[in-house]
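For reference, the structure is listed below as structure tokens.
Throughout, protein chains are lettered first and strands after them, A, B, ... in sequence-line order, and every chain is numbered starting at 1.
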There are 2 protein chains.
Amino acid sequence: MQHEAPIKLTVDAVVFGYAKNDGVSLLLVQRAYEPFKNEWALPGGFVLAEEKLETAVERELKEETGIHVNYLEQLYTFGDPNRDPRQHVVSVAYFGLVKSSAYLQLKASTDASDARWFPIKKLPSLAFDHKKIVQLAIERLKMKVRYQPIGFELLDKKFPFSDLEKLYAALLDKELNRRNFSKKILSYGFLEETGELAKPEGRGRPSMIYRFNQKRYNELIKEGYHFEI
Amino acid sequence: MQHEAPIKLTVDAVVFGYAKNDGVSLLLVQRAYEPFKNEWALPGGFVLAEEKLETAVERELKEETGIHVNYLEQLYTFGDPNRDPRQHVVSVAYFGLVKSSAYLQLKASTDASDARWFPIKKLPSLAFDHKKIVQLAIERLKMKVRYQPIGFELLDKKFPFSDLEKLYAALLDKELNRRNFSKKILSYGFLEETGELAKPEGRGRPSMIYRFNQKRYNELIKEGYHFEI
DNA sequence: TCAAAAGTGTTTCACTTACACCCATGA
DNA sequence: TCATGGGTGTAAGTGAAACACTTTTGA
């Protein structure tokens, strides 16, 4: 057993963003070195000694993309001995979400650079086993959005109601009855009207602007409430 | 950075069993060495070079307890730098279930030895951060039992309907309306009557014996079915 | 023959679903 | 003034919850 290469530990981040035009998108970076040089991959890298896993993810995201996520949870740990051609590398994958504003920011600052958003319907081929990781993350996102208010992490603090509707339609991948969607989600009581109206784009009545009330949501959870779309 | 101790990787197994008298129980081992010598801990240990994580879990379980689980899924990865007093050890925790028969077997074979079942309502204090791991696993078990048929992994192939009822009452930690429970779970169609009757214990009408039809369940899942208690 | 445990029929109520209609805006 | 997108009221259908009753067993 002596002199065997020890198992290495990395983290990878599957970060989703949302914009009305692109739909749900995934943050990818282009690899600068072998293996898989020039291919697209998840942001991530080795965990430093004495470093927390979450810290490692946030550090790598900052370094490689400049992005700060406002939601982060652990996804799954991938440990197949040959997922990295060089040696046994175990990777703890995280699942992150950014608000629309951060989404647009990256788009502006790194145009033609090595970090980019890809709509999840048009993903390039990916390095390592990252395709598998991404698939799992997408499943998780689609499942989770149904019973936890993570949809709001993809929208700005204030958002037109119609955006929320479009986001859910995109995530659940089906058209939903407008009437029933609004009745249901408003009935929970954690959405607040701001009183503002969206400025109309093209024609049609402008949508009302809402805000997610995290405090109210936490109270409801304490009361044993359980929301589901 | 040279000469820093590399991060070590371990696996831990949170294995649950069920018996009518003890309720839901957790499999623990008594540590033979420092640190935490003689304290109770989750079965587990270091991942070998080129070893899959699941293989490592199953190997450690076999070595330390002789138990073979019939359900195993990854739970969470714990990576806090100081969760082990010796050095930075990252542990991938798994969540396992064994059927009643295996449960009773361990009870018989290792009586007064170093592996034992503890009812989850009467757990001893645990080594490392294992208490936290166990809490997460219990939450997962309670959540998951509501929308996935993992309850059957804790019962034998054939079981009296009343056992299923008691198991669910124990897991959900509330009394449930007998009439409605049976109507609901039987309506899904993945439970089969065997035609047998349980031999009565004490007085009262003997319960009918059922069997979980995994094939039928898989079909239902494919059809987009989604069960929930 | 009685208490205990298990099995079953039916009504009530709440919530989802579906449908229809009204309102505000730009072209 | 009309097409488009957004907001709202309500009837019909479906399924869970509650309740009451029957059956089978050992004491």
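Remark: P of C/dT16 and CZ of A/F181 are 14 Å apart, rounded to the nearest angstrom. If you take CG of A/L197 and P of C/dC23, they are 16 Å apart, rounded to a whole angstrom. Distance CZ (A/R179) to P (C/dT17): 14 Å, rounded to an integer number of Å. The distance from atom CG of A/N180 to atom C1' of D/dG9 is 12 Å, rounded to the nearest whole Å. Rounded to an integer number of Å, the gap from NZ of A/K199 to P of C/dG26 is 13 Å. Look at CD on B/E228: it is 13 Å from C1' on D/dG15, rounded to the nearest Å. Distance, B/E196 CD to D/dT24 P: 18 Å, rounded to whole Å. Atom OH in B/Y188 sits about 11 Å away from atom P in D/dG15, given to the nearest Å.
Ranked by how close their nearest DNA chain D nucleotide is to the 5' end, A/R205 and B/R205 are led by A/R205. For the pair B/K184 and B/R178, both in contact range of DNA chain D, the more 5′-proximal nearest nucleotide belongs to B/K184. Toward the 5′ end of DNA chain C lies the nearest nucleotide of A/N177, the other residue of the pair A/E201 and A/N177 mapping further downstream.
Under a 4.0 Å N-O distance rule, the pair A/E73/A/K144 qualifies as a salt bridge.
Just one of B/Y147, B/Y188, B/F152 meets the ring pair (Phe, Tyr, Trp, His ring centres under 6.0 Å) condition when paired with B/F227; it is B/Y188.
Taking every side-chain heavy atom of A/K166 into account, D/dG6 is the closest of D/dG6, C/dT25, D/dG26. For B/P200, the listed nucleotide lying nearest its side chain is D/dG26; candidates were D/dG26, C/dA6, D/dT24.
At least one side-chain heavy atom of A/E39 sits less than 4.5 Å from a side-chain heavy atom of A/S125.
The base of D/dT10 sits with one of its N or O atoms less than 3.5 Å from a complementary donor or acceptor on the side chain of A/K183.
Under 4.0 angstrom from either OP1 or OP2 of C/dA6 there lies no side-chain N or O belonging to B/S207.
For B/Y225 and B/Y217, the ring centers are positioned 6.0 Å apart or more. Ring to ring, A/Y76 and A/F78 are close: their centroids are under 6.0 angstrom apart.
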